[in-house]
Amino acid sequence: MRTTKESADNGVNVEALLGAREALTQSPEAAQFVWRARNEWVRGTHSRSTVEGFFGLGAEQRHKTTFGYEADHPELFASEDNGATPVELVLAGLASCLTAGIAAVAQHRKIQLHAVTATLEGAMDIQGILGIDGDVRNGFSGITVHYRIEADASPEEIEALVAQSQKRSAVFDIITNPTNVTVAVN
Amino acid sequence: MRTTVVIIGAGHAGLAMSHSLAEHSIDHVVIERGTVAHSWRTERWDSLRLLTPNWMSRLPGAPLTVGDPDGFRTMPETVAFIERYAAAIGAPVHTDTTVLSVRPRGDGYLVTTTQGTWQCQAVVVATGACNLPSLPPFATRVPAGVTSLTPRDYRNPSQLAPGGVLVVGAAASGIQIAEEIQRSGRPVTLSVGEHVRVPRRYRGRDITWWMDRVGVFDESYTEVDSVERVRGVASLQLIGSPEHRDLDLNALTGLGVRLVGRLAGISGGRAQCSGSLPNLVRMADLKMNRLLARIDAWASSHLAGDEIEPPHSIEPTRVDASPPLAVDLTSGEIRTVIWATGYRPDHSWLDVPVFDRKGRIRHDGGVAAAPGLYLIGMPFLRRRRSSLIDGAASDARDLSTHLASYLADPAAAGPAAPLLGAA
Ligand SMILES: Cc1cc2nc3c(=O)[nH]c(=O)nc-3n(C[C@H](O)[C@H](O)[C@H](O)COP(=O)(O)OP(=O)(O)OC[C@H]3O[C@@H](n4cnc5c(N)ncnc54)[C@H](O)[C@@H]3O)c2cc1C
């Protein structure tokens, strides 16, 4: 059922991506990016994050607009539920990263996508964050991602898309590998 | 002393180049720090056999008898084979001569060795792709009390303390060493990064027979998506054994080896493992199945049904639902870490500005980015086969032709000389 179309259009400009890859291979300094977020406490467990500027290609860059994200905790934690929990935002970040990768890889492989849906589950024993049991970690004990993909491709080709997307994903790497985190005050 | 070309290294690649230059009647010497096949004599573990069958070492100019064409040479047999080749082609090898430096001089090079200097017009670097182990930066953080080894210093399990062993890397070296250590009674934890899974035999033939016939080994460096990527791909998960057995991750877990993800760091005495193992094994299975499908497609149009066995599927790689994310190196459970994380060449003696930002010689299919400088015996130098003994014949043929035209007219064949017929 290999039905590769010569003109798949998933809305990804692969030529531009490949051009950027080529240019950055020549000048690795330009590949040094810094991503930023700002966060402000609102009240209770409610806080608001904004993203606007970042650094890349040797200069300060700016999103088209400032994006904002509310985060809070649900009412069963005695919170007001003004937004997603931070761990749900992590799941959203993982899904967005993998899905973007799937679209880009599909475009590169000339595979037309029709629908891509991911459902994610992060299992967590909250005895960790509540400090009930020191042997239980705070974070997820595991994450499962389930993709439903309709595309003009065989099941193996679709699986290969999803596999390649994990291989190239920043958030997948951030979650599966340790990262040094330095938190300073003032 | 003067000569036209200095070949550095008397492994099979330098020797094949010697034969090809002789065919062009180009005067040359082969400089070798030890004796012929020095790497195979001194840098390999005791039980190692080639993973390529005997027929797959077709060196140019001397059709040597190979014994059982489907067998796999031991190290002494490999050394003897390369020695016989050197003798058969009458290669002008200067043994026990180490090259200390190569620098441009006049319109050629000055080669300084422990036995005097050579002035020449061209140099062929054939010093091998695996001179040094390639370790991740955090390898230095193994806690005191745990011994670190590389496949270069590993000889056999009896050299290791009793107790657990962490083998890092699941390419050919890592899986072979992991197997024999596990069988020696030392429990092995194997850290698995990106790897290339293939079955030893498929449809009644050796996998290398198929890859040879189907044309996989002939893929040119000019045809691949990213030459940098393919040059870094791990070796095939294979072992050469008299019984032609499979050695994949399933075989290892069957023996009791514990699999963990790619090592991401060592912190506070704990080796941290990536959570990407399920994806890596799935990717390797998908790639293997694509290769087998390509073989099936080729077979159905090139072979009669009775020449081969019917297609069969291969069991997917089994991994635990939640493999461990850390290995404690301080509990006493792990006594040894073996870094089977790959090899790199040592070109530190080459005093010519040809290196890229990662310290690799810049070259176009073996024609280095300095006039009259050539490179042979490196992974995917000109084609996939270049990584193997069997690849030296075609690479030496191509590069000696280029070298001959360079000598005839150095101005015409500059650094960016176009390459000759690829595959
Ligand atoms: C563990 C292992 C298993 C392998 N198994 C297989 C296999 O099954 N089948 C296969 O086809 N390939 C195999 N290979 C790959 C390949 O054949 C080897 O990398 C091979 O050794 C490369 O051949 P070569 O002639 O380029 O280098 P080498 O055989 O390494 O020869 C280089 C020579 O250069 C000499 N030298 C180095 N530096 C200097 C210097 N400064 N001055 C003078 N002399 C110098 C060395 O002493 C050596 O003799 C294996 C490699 C390894 C490491």
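Since the model is a prediction, treat every value here as computed from it, not as a measurement. Throughout, protein chains are lettered first and strands after them, A, B, ... in sequence-line order, and every chain is numbered starting at 1.
- Using a 4.5 Å cut-off between heavy atoms, B:Leu325 contacts chain A through its side chain alone, with no backbone atom that close.
- Side chains of A:Asp81 and A:His46: no donor on one and acceptor on the other come within 3.5 Å.
- With a 4.5 angstrom heavy-atom cutoff, B:Glu194 touches chain A only via side-chain atoms.
- Under the 3.5 Å distance criterion, with hydrogens and angles disregarded, a donor-acceptor pair is assigned to the side chains of B:Thr317 and B:Arg197.
- A donor-acceptor distance shorter than 3.5 angstrom exists from the side chain of B:Thr341 to the backbone of B:Ser134, with no hydrogens or angles considered.
- Among the candidates B:Arg290, B:Met283, B:Lys287, the residue making the largest number of heavy-atom pairs closer than 4.5 Å to chain A is B:Met283.
- Both the backbone and the side chain of B:Ser276 come within contact range of chain A, judged by heavy atoms closer than 4.5 Å.
- Ion pair A:Glu52/A:Arg62 flagged as a salt bridge, since at least one NZ, NE, NH1 or NH2 atom sits closer than 4.0 Å to an Asp/Glu carboxylate oxygen.
- Of the two parts of B:Asp356, neither the backbone nor the side chain holds a non-hydrogen atom closer than 4.5 Å to a non-hydrogen atom of chain A.
- In this structure the side chain of B:Val281 reaches within 4.5 angstrom of the side chain of B:Leu277, judged on heavy atoms.
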